[in-house]
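One structure is given here, and the rest of the page talks about it.
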Amino acid sequence: MKYEHCSIEKKWQDAWEKAGVFHAKNDYTKPKFYALVEFPYPSGAGLHVGHPRSYTALDIVARKKRMQGYNVLYPMGWDAFGLPAENYAIKNHVHPEQITRQNIHHFKEQLTSLGLSFDWEREVATIDPGYYKWTQWIFLQMFKRGLAYKASMPVNWCTSCKCVLANEEVVNGVCERCGAPVVRKEKSQWMLGITQYAGRLVDDLEELDFIERVKAQQTNWIGRSQGLEVDFQMSTGDTMTVYTTRGDTLYGVSYLVLSPEHPILKEWKDKIGNWAEVEAYQQAAARKSDFERSELNKDKTGVLLAGIRAVNPANGASVPVFISDYVLMGYGTGAVMGVPGHDQRDWDFATKFGLPIIQVVRGGDVTKEAYAAKEDGIMVNSGFLDGMTVKEAIPAMKEYAVKAGFGKLKTNFKLRDWVFSRQRYWGEPIPLVYCEKCGWVPVPEDQLPLRLPEVKSYEPTDNGESPLAKCTDWINTVCPHCGCPARRETDTMPQWAGSSWYFLRYCDPKNERALASKEALDYWLPVDWYNGGMEHTTLHLLYSRFWYKFLYDAGVVPTKEPYQKRTSHGMILGLNPHSFDNLSPEEQEKLVKEQGSEAAARAALVEKYGEMATHPIVKMSKSLGNVVNPDDIVEEYGADTMRLYEMFLGDFEKTAPWDPKAIKGCRRFLERVWNLSEKLVKGESYSSANESAIHKAIKKVGEDADNLKANTAIATMMGLLNQLEKNGCNQAEFQTFLTILNPFAPHITEELNQQLGGRSMLAETAWPQFDESKTVDALAEIAVQVNGKVRSVITIASDADEEAIRSAALADGKIQAALKGMQIIKSIVIKKKIVNFVVKPQEIA
RNA sequence: GCCGGUGUGGCGGAACAGGCAGACGCCCGGGACUUAAAAUCCCGUGAUGGCAACAUCGUACCGGUUCGAUCCCGGUCACCGGCACCA
């Protein structure tokens with residue numbers, strides 16, 4: 001028989017579904033394991049080869065855990081609200097739901113064809129009213145606790161999506177989603193008070209098993225700094241508070257500088273001698289985008305506030321006051337003290353405006369640049385701080401400032417509150433009503449879900465209103481509180497809303513009375529292992545931790561943190577067909593001949609295709625024609641081959657290029673497994689000399705599967721197969737081999753197991769045990785070195801003692817030759833590993 | 001600039017409680033089978049020298065610790081990712 005992957009894979013996918021082997025049990029007495037992958041946005045493009053990398057990795061973990069007797073929850077769903085479907089709907093005049101449902105159907109077929117062991121009974125979609133009822137419910141709980149509030153403020157406005165964005169959605173001044181420029185716009189928006197959780201979101205990372213770069217990135221993004229607020233007496237009679245993390249440099253202050261948006265300026269209007277100039281600067285600053293203010297304008301500008309002076313509370317010195325757009329209103333107090341000797345920005349500003357530069361930490365040359373003092377720098381010109389190190393001076397000044405009454409300790413965060421409204425149609429309606437008398441009033445919980453109304457046009461508007469604003473029948477309602485006429489909120493929630501809690505719904509997806517039952521949440525949470533993309537670190541991952549912590553405080557969920565372990569897969573890239581390195585040898589030769597040299601050939605490619613041609617490995621893109629469609633791979637090689645290759649192509653956490661040739665190696669492996677099985681069926685192969693190799697493989701494959709090292713697990717099984725082919729094997733050994741291969745290549749292993757007379761599915765077979773004593777070979781090969789260089793290898797019983805090993809080494813012919821005329825000074829013997837003789841030439845008597 | 005990560009054959013990558021560097025696979029070369037090709041199977045494959053046994057050199061670079069370093073320590077360089085006028 002031939003290995004026909006198509007029929008075999010279909011057969012077993014149907015069999016698993018029929019038997020329901022992947023359904024999580026509602027038996028809360030069993031040990032549980034909750035494995036989670038990020039649910040996809042069901043785009044029209046269908047599955048990308050990147051998706052299965054994550055899904056297969058945790059599928060292997062989930063399948064193995066099931067075989068080990070765990071009650072495993074490995075669910076899948078759809079993050080189904082979102083702009084692409086809405087934009088498609090606008091263009092083609094179909095309802096976004098219709099196109100989204102089609103895409104979901106297609107995605108599900110694709111996922112099923114990969115043999116992923118998702119529990120489809122627990123499938124969820126964020127667009128189901130039965131689901132978004134609870135998204136709305138959570139929002140209302142936040143509203144009731146003051147965590148959702150409406151504020152008018154400058155927001156990020158995407159000029160193409162015609163919609164506001166959260167700070168996390170703006171990347172290098174452009175929209176994270178569509179790449180269009182983002183501008184500032186003053187708008188009234190619903191906000192979520194994530195900053196109230198900033199401290200906990202940093203601190204609680206510590207006890208979690210998250211990969212380092214995720215922790216670092218979140219910590220960075222939250223950006224906690226602990227410093228001091230210092231009050232300066234002003235000539236205007238009031239005080240100005242500045243924030244600093246470097247109180248130790250207070251003696252080095254030569255000016256103060258405020259943000260041009262600082263509200264106190266208005267109050268000082270009459271006292272400022274050059275108000276017209278100040279006002280002109282304010283207006284110029286307001287016109288600049290954030291991007292211009294930060295990226296393009298490192299050159300310092302500003303205006304002196306004529307007639308205003310400030311008094312340094314440390315030494316009584318009077319210093320001038322400026323406004324400059326290098327100071328941000330949104331951080332700290334919107335005012336900073338200028339210490340040009342030790343801060344490069346202040347140095348640039350002071351140099352431009354001819355302000356004094358006072359050195360307060362010894363070292364560097366402050367006439368040339370600011371000296372960024374290290375912790376062990378010594379304070380000078382700083383009164384009572386003189387002679388201290390910077391490290392000592394920081395707390396000393398804090399203590400002094402607090403005692404003297406001009407300072408107080410302050411912690412600041414870079415994290416901003418979450419802008420939560422979107423002016424689009426295809427999102428969850430915000431369940432609030434505005435009443436002239438009562439203000440914002442929640443839609444009563446028994447009226448949830450508040451459904452999206454049908455509209456004629458999904459087009460976003462230029463004036464910044466949601467498409468729902470045109471839907472007058474829906475908007476006009478009565479106040480649930482007083483019964484007066486009232487209007488509904490027309491903005492919708494961002495896509496991140498539904499994905500902030502979806503993993504809770506999987507625990508109990510059909511519950512109509514709660515987002516999930518208490519028992520289910522208590523049993524399944526926290527998620528034991530969550531894998532997802534790095535691009536979600538400061539978006540989805542941070543947002544969902546915040547929602548979860550809120551629900552913890554509200555008594556809904558049982559733990560402080562939602563995810564015990566977080567890993568991240570590297571992206572799958574493609575080969576660049578325009579790179580010299582990826583040309584065939586013939587093409588390379590031809591091009592070199594044409595251009596004269598390899599360097600010239602490379603230059604010609606860059607000339608033709610741009611700088612891109614210097615990168616042999618690039619993101620897959622339609623324009624390069626290097627996009628790989630998973631369906632094609634499944635059809636040609638089969639899902640098992642696809643799974644193996646996705647896992648074998650490199651270190652899971654690193655980016656890796658898809659090599660269309662290398663996948664053949666995985667297919668060959670499975671064909672050899674198939675052929676060996678055929679031999680066994682015919683009774684042509686037998687032997688049992690493989691015991692130790694089998695036990696080693698069970699151990700190694702098991703450990704690797706638990707540690708996201710499927711690549712080496714597969715290499716181990718390839719090595720084992722090489723041995724089984726060479727030695728021959730018996731049926732029991734082979735079936736053990738099939739069992740450990742099953743989580744990786746589930747279809748072919750089920751089929752062969754059945755052909756060999758296996759009565760139950762491997763998916764329901766126990767993961768084999770290994771015997772530690774049998775993983776040890778009776779004989780060990782030991783390298784023998786002389787002065788650190790390997791001169792020979794001896795084979796000796798593994799349990800030989802040091803003396804026996806030494807004697808055996810000394811008896812070896814090659815070693816005797818190497819030791820001739822040498823005197824052994826020292827010998828190192830490490831059992832089962834190595835012998836090293838340290839020698840020097842023998843002294844001649 | 002700050003934070004995190006990574007540098008190993010022609011390629012993807014193994015090996016890190018310090019102990020034979022290059023597992024496994026791809027590519028490539030040779031052979032078997034075939035009328036032939038594909039597929040399959042066997043052999044070889046870090047570099048240099050040698051018919052060979054073998055020798056020397058090799059884990060980005062410089063230095064240190066050690067009997068012994070891809071691994072630990074100090075410094076340098078390059079690349080990737082994140083943040084960035086956050087005081």
Touch check for [X], heavy atoms < 4.0 angstrom, all strands: base, sugar-phosphate only, or nothing?
X: Glu781(A); result: base
X: Lys832(A); result: nothing
X: Ile830(A); result: base
X: Ala715(A); result: base
X: Arg416(A); result: nothing
X: Lys664(A); result: nothing

Exercise for the section: Would you kindly compare Lys826(A) and Ile663(A) by the position of their nearest RNA chain B nucleotide and give the one closer to the 5′ end? Expected result: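 The 5'-side residue here is Ile663(A).
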
Problem - Residue whose closest nucleotide on RNA chain B lies nearer the 5' end, Thr245(A) versus Thr655(A) - result: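 Here Thr655(A) is the residue nearer the 5' end.
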
Problem - Aromatic plane relationship, Trp418(A) with Tyr543(A) - under 30° parallel, 30 to 60° tilted, over 60° perpendicular - result: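 Rings of Tyr543(A) and Trp418(A): parallel, as their planes differ by under 30°.
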
Problem - Atom P, compared across G9(B) and C83(B): separation rounded to whole Å - result: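 To the nearest whole Å, 32 Å.
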
Looking only at the side chain of [X] (C-beta and beyond, no hydrogens), which of the listed nucleotides [options] gets closest?
X: Lys654(A); options: U6(B), G4(B), C83(B); answer: U6(B)
X: Trp221(A); options: C83(B), C85(B), C67(B); answer: C83(B)
X: Asn711(A); options: A87(B), G13(B), C20(B); answer: G13(B)
X: Asp651(A); options: G82(B), G13(B), C20(B); answer: G13(B)
X: Val793(A); options: G12(B), C20(B), C83(B); answer: C20(B)
X: Met718(A); options: C27(B), A15(B), G25(B); answer: G25(B)
X: Lys814(A); options: A87(B), G25(B), C54(B); answer: C54(B)
X: Glu212(A); options: C67(B), G5(B), G12(B); answer: G5(B)

Strictly below 4.0 Å: does [X] bring a side-chain N or O up to OP1 or OP2 of [N]?
X: Tyr326(A); N: A87(B); value: no
X: Asn412(A); N: A87(B); value: no
X: Arg791(A); N: A55(B); value: yes
X: Asn722(A); N: G25(B); value: yes
X: Arg668(A); N: U40(B); value: yes
X: Arg667(A); N: G25(B); value: no
X: Ser225(A); N: A87(B); value: yes

Practice task
Please confirm whether the backbone N or O of Ala693(A) pairs with a side-chain atom of Asn690(A), one donor and one acceptor, at under 3.5 Å?
Solution key: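 Checked: no pair found.
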
Exercise for the section: Determine, for Glu772(A) against Lys699(A), whether the closest basic-nitrogen to carboxylate-oxygen distance falls under 4.0 angstrom. Expected result: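 Yes, this pair counts.
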
Practice task
Quick one: look up who G81(B) pairs with, Watson-Crick or G-U, both distances under 3.5 Å, and put none if it's unpaired.
Solution key: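 When the pairing criteria are applied, C3(B) turns out to be the nucleotide that pairs with G81(B).
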
Exercise for the section: State, with a plain yes or no, whether a side-chain heavy atom of Asp640(A) is found less than 4.5 Å away from one of His5(A). Expected result: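 Not in contact.
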
Exercise for the section: Test Met337(A) against every option in Asp343(A), Thr249(A), Val319(A) by the side chain to side chain contact (heavy atoms under 4.5 Å, CB included) rule and name the one that passes. Expected result: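 With Met337(A) as partner, Asp343(A), Thr249(A), Val319(A) yield a single side chain to side chain contact (heavy atoms under 4.5 Å, CB included), made by Thr249(A).
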
Side-chain-base donor-acceptor pair under 3.5 Å for [X] and [N]:
X: Lys414(A); N: C83(B); value: no
X: Asn220(A); N: C83(B); value: no
X: Gln785(A); N: C20(B); value: no

